[in-house]
Amino acid sequence: MKELWTTMASLMGVLAFFQTLLHTVIPPELRLAILKLFQRLFNCFSSYCYYEITEIDGVNTNELYNAVQLYLSSSASSTATATANRLSLTRGLNSSVITFGLANNDRLSDVFNGVSVVWEHIVTPRQSQTFSWRPLPEEKRGFTLRINKRDKLCVLKDYLDFITEKANDIRRKNQDRLLYTNYRGGSIDSRGHPWESVPFKHPSTFETLAMDPERKKDIMSDLRDFADGQAFYKRTGRAWKRGYLLYGPPGTGKSSMIAAMANFLGYDIYDLELTEVNTNSELRKLLMKTSSKSIIVIEDIDCSINLTNRKKNKNNASGGGSPEGVSGSPGPSMIGPGDPENNGSNNNSITLSGLLNFTDGLWSCCGSERIFVFTTNHIEKLDPALLRSGRMDMHVLMSYCTFPSLKILLKNYLGCEDGDIEKGVMDDLAAVIDKAEMTPADISEVLIKNRRDNDKAIRELLEALKSKAEEKRLVRVRRRAEAEEVAEEEEKRALDSPKEVGGAATGGGGDEVEVKFNKDEEDNGIN
Ligand SMILES: Nc1ncnc2c1ncn2[C@@H]1O[C@H](COP(=O)(O)OP(=O)(O)OP(=O)(O)O)[C@@H](O)[C@H]1O
Ligand SMILES: [Mg+2]
């Protein structure tokens, strides 16, 4: 044994001697060249290709590294017990989910399209801090992907695309939805963001939303088509965005529908408070800072902006209207801060034109996969240019509660399925629901109040519906009586007016004569 140790020691001594000799005799350049030669020889005979994905690419963070890390985290968690003994755990900002990661210098195998690959996470200490504008981490991190040479051409690109897509999905799923608002107008905070965000936890879903089931299905499939439609939008040359206009009386579920859309698609919401935005350029700035896969909402659009701007400017053609692209409608005029119309009480110089550009102009495409949702209680007040397809592709009427919607509310609040309530009672509800014109919000109130006692809740609901229906009937009777009265009066006036009509006839056309007469009167007054 002793002899063995002595031989080993002398062998080590000889090796050390030769190493020192080689270092002194062979210059470093030659050593490097020999090393490279060996590497090349090894690569020639190896049946694998190796790809390195480093954390920092020069000075920038390598997005692919982050994507691979996230992607492997899902594989690592699912196969954690099978392969890895040591996993790193992380929880990101705004996230309630813990992600698993491949620990340092650990390996993981994966299969894509039937091809096996091996990932290795390599962490080495950074040797010397070279000069950099930003401090670099002390460790050099990277992933090495090992693929069989014969498979590399057919899978590499598709595999990396797949990883990037999957990582984006995981990132979105792991992060809580965010609700952004622009309470400071377009001004930016210390981190350069004009939006403030809070986690979005609205529980509304399409399942809880009370509306016509067919209409609901249409909207859901429209949203699904939109989310899966990247190739379609590219092929047709359209910007990947969609506009929804939700209109109807207060309390019919417009805001609840927006929350349901966000929860369905997993998108963030940007709630744009137009009254906080002072200029069109601020609006543009806000738009530029929104992310893809988001819903941009303007609630109560009729109250947010003076939608008569365009109409006013229609008469004011010399005011510099720009062509807007809607046939038959004149281009909107930009109203600048110095415009007399905007001075005085209203200093807000955001215009309808700015808003139209926001939803449909070139700037609306600075990002992708975005849904614009406008809500209003008065669709008739909106400018037709705002409603046209392309801007608002889908108009959704959120109406008073109908019988199918009522069934959804009964299920949500009382847990009553079809058949749980007596048929006679259901028939009574069905007979009265349309006449009552109650909103889902009104009905929810009645149900929520009595949710501990289903019988009482339904009894009170029926009473409320009946009394509302009676109220509506009385209003209709009164209106009809008033209309009849007006019609009678008009008839009487028509009988008394042949003389006037005759006089007008001699002048050639009622309205024209009246205008002319007034004008003459005016002229006489002036003279
Ligand atoms: N269609 C609906 N389905 C389920 N719940 C509804 C529906 N409509 C209203 N509600 C209930 O009424 C409340 C108010 O609804 P919501 O805020 O969505 O109405 P809205 O149409 O946006 O009203 P407004 O026009 O005043 O903004 C919601 O919290 C929800 O509980
Ligand atoms: Mg609302």
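Computed from a predicted structure; not experimentally measured. Just follow the structure's listing: the first ligand is 1, and inside any ligand the first atom is 1.
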- Assess the side chains of S291 and S294: does a donor N or O sit below 3.5 Å from an acceptor N or O? no

- For atom 13 (C) of ligand 1, grab the closest protein heavy atom and report residue, atom and distance to one decimal in Å. A441 CB, 4.2 Å

- Item | Ionic contact status for K285 with E282, cut-off 4.0 Å | no

- Among all protein heavy atoms, pick the one closest to atom 26 (O) of ligand 1 and tell me residue, atom and distance. P250 CB, 3.5 Å

- Query: Is any N or O atom of G251, backbone or side chain, closer than 3.5 Å to an N or O atom of ligand 1?
  - Reply: yes

- Taking both backbone and side-chain atoms of M211, is any N or O found less than 3.5 Å from an N or O belonging to ligand 1? no

- According to the interplanar angle, ranging from 0 to 90°, do the rings of F206 and F264 count as parallel (below 30°), tilted (30 to 60°) or perpendicular (above 60°)? perpendicular

- Item | Numbered atoms of ligand 1 (with element) below 4.0 Å of N377, judged on heavy atoms | 25 (O)

- Query: Aromatic rings Y180 and Y270: how do their planes relate, parallel, tilted or perpendicular, breaks at 30° and 60°?
  - Reply: parallel

- Can you tell me if H202 uses its side chain to pair, donor with acceptor, with the backbone of S204 under 3.5 Å? yes

- re atom 1 (N) of ligand 1, the protein heavy-atom contact at minimum distance is A210 O, 2.8 Å

- Task: For atom 16 (P) of ligand 1, grab the closest protein heavy atom and report residue, atom and distance to one decimal in Å.
- Result: S256 OG, 3.8 Å

- Task: Flag G253 as yes when one of its N or O atoms lies below 3.5 Å from any N or O atom of ligand 1, and as no otherwise.
- Result: yes

- Regarding E369 and Y233, is there a side-chain donor-to-acceptor distance under 3.5 Å anywhere? no

- Sub-4.0 Å heavy-atom approach of Y247 to ligand 1: no

- Item | Identity and distance of the protein heavy atom lying nearest atom 6 (C) of ligand 1 | P440 CB, 3.9 Å

- Query: Is there any N or O on E299 that sits under 3.5 Å from an N or O of ligand 1?
  - Reply: no

- Message: Geometry only, no angles: is S444 polar-contacting ligand 1 at N/O separations under 3.5 Å?
- Response: no

- Item | Side-chain H-bond candidate by donor/acceptor type, S255 with E299, under 3.5 Å | yes

- Modelled atom types, side-chain donor and acceptor of T376 and D302, under 3.5 Å: yes

- Message: Suppose we measure from atom 31 (O) of ligand 1 to each protein heavy atom; which comes out shortest, and what is that distance?
- Response: Y413 OH, 3.7 Å

- Ranked by distance from atom 5 (N) of ligand 1, the top protein heavy atom is L409 CD2, 4.3 Å

- Query: To which protein heavy atom is atom 25 (O) of ligand 1 closest, and what is the distance rounded to 0.1 Å?
  - Reply: K254 NZ, 2.9 Å

- Message: Regarding ligand 1, does S255 bring an N or O atom to under 3.5 Å of one of the ligand's N or O atoms?
- Response: yes

- Compute whether any side-chain donor of one residue and acceptor of the other, for T205 and E207, lie under 3.5 angstrom apart. no

- Message: I'd like to know if the Mg ion (ligand 2) has an N/O/S atom from T375 within less than 2.8 Å of it, counting both backbone and side-chain atoms.
- Response: no

- Query: What is the ring orientation for H395 with Y247, classed by angle as parallel under 30°, tilted 30 to 60°, or perpendicular over 60°?
  - Reply: perpendicular

- Item | N182 side chain to P194 backbone, donor-acceptor under 3.5 Å | no

